[in-house]
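Structure first, commentary second.
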Amino acid sequence: MSSPTNPVRVRFAPSPTGFLHIGGARTALFNWLFARHNKGIFILRIEDTDEVRSTEDSVRGILDSMSWLGLDWDEGPLTEGLNPVQMFPPKTLGEIPPAVVMGKAIISGTAATKGDFGPYFQMQRLDKYQASCDQLIQSGKAYPCYCTPEEVQKMRELAELSKRPPKYDGTCRNLTAEQRQQKETEGRKKSVRFKTPMEGSVNFTDLVNGAMHFETLLLEDFVILKTSGVPTYNFACVVDDHLMEISHVIRGDDHLSNTPRQILIFEALGWALPQYAHLAMIKGSDGARLSKRHGATSVMEYREAGYLPDVLLNYLALLGWGTEDSQQIFTKQEMIDKFLLERCVTSPAMFDPAKLTWMNGEYLRKKTVSEVADLAKPFFTAKALDVIPRTRLEQAIALEHEKIKLLTDVPKLTDFLLWDVFEYREEPVNKVLRAAGAAEILKEIKQRLTALEPFTAETVEKTCKDLAKERGVKNGATYHPLRVAVSGRTEGPSLFHMVEFLGKALTLQRIERAQALLNQPSASSFQPPAPEGLKG
RNA sequence: GCCCUCAUCGUCUAGCGGUUUAGGACGCUGCCCUCUCAAGGCAGAGAUCACGGGUUCGAAUCCCGUUGGGGGCACCA
């Protein structure tokens, strides 16, 4: 699709009025995939023309999220050198290694950008919008409007009452020079409205949705320049898409009905149209557009919850796009190679956290223990990282590897292996340790393990098996009490590898604790002594 | 209210007029493996392709309508 004379140039244009959310990330991803697939340019443009809701924090947050996801942009704000955002991880996780703070954003006021089509913050491009606006007024395709918001509101209500479309009534559309002069001398504030053709239609072909048709009649004379001199979305968007030589506009289909307005502006200015591709929305579990009430919606929240950026990308790609063979797991390169706008789906998709989580586990299982340890570091406390030797950490992770779905699982799944403080759960204690004969067997196991040399998974297993055989009981009758005694729970890693990991001293100590516990009348809340750190 | 848009298992999707007893994935159930939990393997339940009309020898696939969902109708983007 790209050629030297007409290269693919796409943009992701978020407004900094909040963190980057799942829907925005999906739009960014599809633009990025399209650009990379076509060896084109991916631009990040900040649409900060909302004077009341735009915030610097949002800009930083968006840049951070984009960086974390690995959606690198060829043109747009620079991310080096200034105020890193300290939103991650949450304070409860303790200090984080510097390496984890990835995104370093800057704010629009002093923004440094890269690319030859900048600046990439719209508030720094006001002169360009003004110039195009002047051009429209001069050619009679736009006009100053002196109506107040209250007056416009009244017009709409009136129109609604008489069952006409609630449109601006065109009061200022055909003002004479004198009338205009009078409004000016009255000191009325001036906005600029686009003179929407009274008849005709706008037709275009959407790369995803196909042929589109809109009647111009239904559109009102919309504002393109606010009284503040700041452009509205539809106007700024068109001017920038033209000036930045955007070839394809890929965005959510909530913008579909904005497209005719934008096309009208393009035509009034005599500019060539980009191609359009509108993506179906992402819905929450109740079918409504994904929002906060559906749970986590910001990219940062998923980062904090222990999801991998590549997983989020992979999962998001599946929401609205698919291959002929229904492939589920993609490397980034595979996504780039296979991505086609033509294969984007037109129906809205529901966001399914369960599948996302499955995919995260799938990715994590394919990683080496060392990689998982590195990735999980931010989720351990600084103290844990300081006290626990790296090899120890990796061994513990290896024991639980296939069970890890989220990076936040790593500390949870390994705590009883790495620390002396852990809970003896009531149910297993009652069911397994208090079972008939269990105490006796535990005592015997302890005796034999005390003398055991060398103390390995194999020798411990043999010890248990031999004991079972001598007693004429099933192997399980020795395994289960030992498991609960050393871990406080019935589920966990391979018993003998776990025992080998703990080592003889710790194993014996834990068995003693379990025995002490059994001597207490109610075992429900055994509290071991204060933490002594890691032993063994 | 008006405009736009969508409609295949609970969910994400494959399917582009006959190869379909509608395929894959998540989730769910069962079995196997097994020292538990997972992971893995196998099997299964689950979709009259929203509904109603056409077109056609033949429709999930094309057309029309209905219903339902989503989006939009701002000096917000």
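Letters go in sequence order (proteins before strands), and every chain restarts at 1. Heavy-atom basis, side chains included; hydrogens, waters and symmetry copies ignored. Not measured: the values here are computed from a predicted model.
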Quiz prompt | A:R489 to A:F416 six-membered ring, cation-pi geometry met (6.0 Å, 45°) | solution =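 Here A:R489 passes the 6.0 Å and 45° test against A:F416.
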Self-check item: Lys/Arg cation over aromatic A:Y168: A:R193, 6.0 Å, 45° cone
Solution: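 Output yes; distance and angle both within limits.
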Exercise. Salt-bridge test for A:D286 and A:R293: reply yes if a basic N is under 4.0 Å from a carboxylate O, no otherwise.
Key: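 Between A:R293 and A:D286 there is a salt bridge, with a charged N closer than 4.0 Å to a carboxylate O.
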Self-check item: Salt bridge flag under 4.0 Å for residues A:E444 and A:R448
Solution: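 Answer for the salt bridge query: yes.
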Practice problem: Please tell me which of A:G320 and A:T17 maps to the more 5' nucleotide of RNA chain B, matching each residue to the nucleotide holding its nearest heavy atom. | Solution: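 Counting from the 5' end, the first nearest nucleotide belongs to A:G320.
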Quiz item: Toward the 5' end of RNA chain B, which comes first, A:N209 or A:V345, by nearest nucleotide?
Solution: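 The 5'-side residue here is A:N209.
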If the cut-off is 4.0 Å, is [X] near the phosphate of [N], judged by side-chain N/O to OP1 or OP2?
{"X": "A:K283", "N": "B:C6", "result": "no"}
{"X": "A:R289", "N": "B:G72", "result": "yes"}
{"X": "A:R156", "N": "B:C75", "result": "yes"}
{"X": "A:K226", "N": "B:C76", "result": "yes"}
{"X": "A:R193", "N": "B:C75", "result": "yes"}

Side chain of [X]: nearest nucleotide among [options]?
{"X": "A:K403", "options": "B:A38, B:A25, B:C4", "result": "B:A38"}
{"X": "A:D352", "options": "B:U11, B:C6, B:G71", "result": "B:U11"}
{"X": "A:R261", "options": "B:C73, B:A39, B:C75", "result": "B:C73"}
{"X": "A:P348", "options": "B:C35, B:G24, B:C6", "result": "B:C6"}
{"X": "A:D50", "options": "B:C76, B:G24, B:G72", "result": "B:C76"}
{"X": "A:M350", "options": "B:U11, B:G27, B:G71", "result": "B:U11"}
{"X": "A:P166", "options": "B:G1, B:G15, B:C12", "result": "B:G1"}

Regarding [X], tell me which of base, sugar-phosphate or nothing describes its non-hydrogen contacts under 4.0 Å with the strands shown.
{"X": "A:K405", "value": "sugar-phosphate"}
{"X": "A:L318", "value": "sugar-phosphate"}
{"X": "A:T490", "value": "base"}
{"X": "A:F214", "value": "sugar-phosphate"}

Quiz item: So what's B:A43 paired with, Watson-Crick or G-U wobble, going by both distances under 3.5 Å?
Solution: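 With both distances under 3.5 Å, B:A43 matches B:U29.
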Exercise. Once you apply the 3.5 Å cut-off to both distances, tell me the Watson-Crick or G-U wobble partner of B:A7, or none.
Key: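 Checking every strand shown, B:A7 finds its partner in B:U67, with both distances under 3.5 Å.
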Counting only distance, no hydrogens or angles, is the base of [N] paired donor-acceptor with the side chain of [X] under 3.5 Å?
{"X": "A:N258", "N": "B:A77", "answer": "yes"}
{"X": "A:T232", "N": "B:C75", "answer": "no"}
{"X": "A:T346", "N": "B:C6", "answer": "no"}
{"X": "A:S257", "N": "B:G71", "answer": "no"}

Quiz item: Just checking, is any N or O donor in the side chain of A:S132 or A:D134 under 3.5 Å from an acceptor N or O on the other one?
Solution: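 Short answer, no.
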Self-check item: Flag for A:T196-A:E220: side-chain donor and acceptor within less than 3.5 Å
Solution: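 Per modelled atom types, A:E220 and A:T196 side chains form no pair under 3.5 Å.
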Looking only at atom [atom1], what distance separates [N] and [M], rounded to whole Å?
{"N": "B:G70", "M": "B:C76", "atom1": "P", "value": "27 Å"}
{"N": "B:C49", "M": "B:A43", "atom1": "C1'", "value": "25 Å"}
{"N": "B:C62", "M": "B:C75", "atom1": "C1'", "value": "46 Å"}

